[in-house]
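Written below as structure tokens is the structure these notes are about.
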Amino acid sequence: MADPKGFMSTPRREWPRRPVEERVRDWDEVYVPGALLPIISKQADRCMDCGVPFCHHACPLGNLIPEWNDLVSREDWRAAADRLHATNNFPEFTGRLCPAPCEAGCVLAINQPAVTIKNIECAIADRAWEEGFSPPRPPDRLSGRTVAVIGSGPTGLAAAQQLTRAGHTVAVYEKDDRIGGLMRYGIPAFKMEKRHLERRLEQMRAEGTKFRPATAVGRDVGAAELRARHDAVVIATGATAWRELDVAGRELVGVHQAMEYLPLANRVCEGDIEVSPLSAAGRHVVIVGGGDTGADCLGTAVREGAASVTQLDIYAQPGAERDEDTDPWPTYPKVYRLSAAHQEAGELRTAPAADADARLFAASTLRFTGDADGHVRELHLVEVDAGRRPLPGTERILPADLVLLALGFSGPDRRDGLIDQLELELTPRGTIVRDPGFATNVPGVFVAGDAARGQSLIVWAIAEGRAVAAAVDRHLTGSSRLPTPIGPYDRPMNV
């Protein structure tokens, strides 16, 4: 501990955000550039270096959080970067995108605001790039074995980097025209600018990883053919089969899935198109779903100039404090959180009828109605109780020219034919079956990430990628020195 009394003398300070009126006019990250480093050493001083650091247990990567907190407080950035990268391939991603279950497990959070672990992680990662502490690490020798990784999200990229560094020849296949998975086309640039992704991909190329974009396995190349020409295959396609909303009027023009909408906005930022064909500009937008994807749609619609934006959450508005009966420390609590997008919508009053910021809580969609041309014009909703039962007399109508469904994902998409061509076994919920060694029922084929686990967090995705890499390495060589942070059946801490 650099400062044994830091947690008592220093209040929590987070990375400040740019003014709302400024940031909604661009797609840059919402934080004030350069404002994190001046405060981060004192924030690291707040870490108590606990005898039993539950932040370790809350993080599936097993990040060495007290160690790099202490190093940052002493401004030993090189050593901090070494400790951070020892457990996390992509801390610049998690430092921006992870909801930080580690902070929920911080011992200080029992009775004080937690250490700003996520901000410290991001500061270390960014400083490491600036100072050249993250050079490519190509293997000393090649094993002569080849591995195909299908999917280039955080799981696929983590698996590929670990296997490449272990000496195997790795090719990553991605059906989209650019590498990155949901980080490329699902996550808006105001949450993570794509330069962070590009920088890491360049590092991986320098290490020897090969990338095959615009190649859908099962359609552009046969799954069996791919299996035959590689010593092992890792399926890391994610859970991209979106959940539907089975209500009257779903077929109306203007009702779209969130993952139809967000990629188009990202393509505008990439320079592929000038204007999204689903742009929210001048339209009354309703987002059905209260999760992070819905918040991404909210921030995007605000930047596109929507006439109004309302987000519906079927759950009741949570309280500001942890409920010790239902969400005891150190589990991740369901509390009221104000994301950057919700802050923007609240200050700009995009949804005057909302309960808080742009959200209507305890709201369930009944039906959509449209005009004579078949275009959606209204969303009919009803308030629900804790059991999601409609409350009589609470029906309301919202104007809606564009409806975005952000209801989550059920499992891997089967439309490309990968699953059927390999005859992979599926669980009752549609995810791919695997054994304790991450192996599927097909010899030499492994699966990791959301395709097997189901929809989860980026930090779990990276942990899955690292763990499956160790399993594949053992399969190819008989043993492995690669870390295995989690097993395939591990789950977040819960009551």
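Numbers here simply count residues along the sequence, with the first being 1. Note that the structure is predicted; figures quoted are calculated from it, not measured.
Leu379 is listed as a side-chain neighbour of Val288, based on a closest heavy-atom distance under 4.5 Å. Residues Glu29 and His196 have side chains in contact (heavy-atom distance under 4.5 Å, counting atoms from C-beta outward). In this structure, Pro53 and Ile65 have side chains that are not in contact, with every pair of non-hydrogen atoms separated by 4.5 Å or more. Counting only heavy atoms from C-beta outward, the side chains of Trp77 and Glu75 approach each other to under 4.5 Å. Put simply, the side chain of Asp357 does not reach to within 4.5 Å of the side chain of Gln311, judged on heavy atoms. Using a 4.5 Å heavy-atom cutoff, the side chains of Phe90 and Leu157 are in contact. You'll find the side chain of Met204 stays beyond 4.5 Å of the side chain of Ile179, heavy atoms only. Looking at Lys194 and Asn266, their side chains come closer than 4.5 Å, going by heavy atoms from C-beta outward.
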Going through the distances and angles, do Ser152 and Phe211 end up as a side-chain contact (heavy atoms from CB on, under 4.5 Å)? CA-CA 9 Å; Ser152 68; Phe211 293 105; 5.6 Å; no
Evaluate the side-chain contact (heavy atoms from CB on, under 4.5 Å) criterion for residues Met183 and Ile458: first the C-alpha distance (whole Å), next the side-chain angles of each, then the deciding distance (0.1 Å), finally the verdict. CA-CA 10 Å; Met183 291 186 297; Ile458 185 172; 4.2 Å; yes
Run the numbers on Glu103 and Lys118 for salt bridge (charged side-chain N to carboxylate O under 4.0 Å, His left out), then give the verdict. CA-CA 8 Å; Glu103 293 188 14; Lys118 178 176 173 178; over 6 Å; no
Yes or no on side-chain contact (heavy atoms from CB on, under 4.5 Å) for Arg96 and Tyr31, after CA distance, side-chain angles and deciding distance? CA-CA 10 Å; Arg96 288 171 168 82; Tyr31 298 106; 5.7 Å; no
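Between the Arg46 side chain and the Lys42 main chain, no donor and acceptor come within less than 3.5 Å of each other. In this structure, Asp413 contributes its side chain and Thr240 its backbone to no donor-acceptor pair below 3.5 Å. Formation of a donor-acceptor pair under 3.5 Å by the Arg322 side chain with backbone atoms of Thr331 is found in this model.
For the side chain to side chain contact (heavy atoms under 4.5 Å, CB included) with Glu378, the qualifying choice from Ile397, Asp371, Val403 is Ile397, the only one to do so. Here the options are Glu347, Arg359, Arg337, the test is side chain to side chain contact (heavy atoms under 4.5 Å, CB included), and the partner is His342; only Arg359 passes. For the side chain to side chain contact (heavy atoms under 4.5 Å, CB included) with Leu402, the lone residue among His256, His375, His284 that qualifies is His256.
Relative to the six-membered ring of Phe190, Arg303 meets both conditions, a distance below 6.0 Å and an angle of at most 45° to the axis. Judged by a 6.0 Å distance limit and a 45° cone about the ring axis, Arg127 is not positioned over the six-membered ring of Phe133.
Separation of atoms CG (Leu381) and CZ (Phe368) is listed at 10.5 Å; rounding is to 0.5 Å.
A salt bridge does not link Glu270 with Arg267: every distance from a Lys NZ or Arg NE/NH1/NH2 to an Asp or Glu carboxylate oxygen is 4.0 Å or more.
Residues meeting the side chain to side chain contact (heavy atoms under 4.5 Å, CB included) test with Pro38, sequence neighbours left out: none.
Counting non-hydrogen atoms of other residues, nucleotides and ligands closer than 6.0 Å to CZ of Arg12 gives a total above 12.
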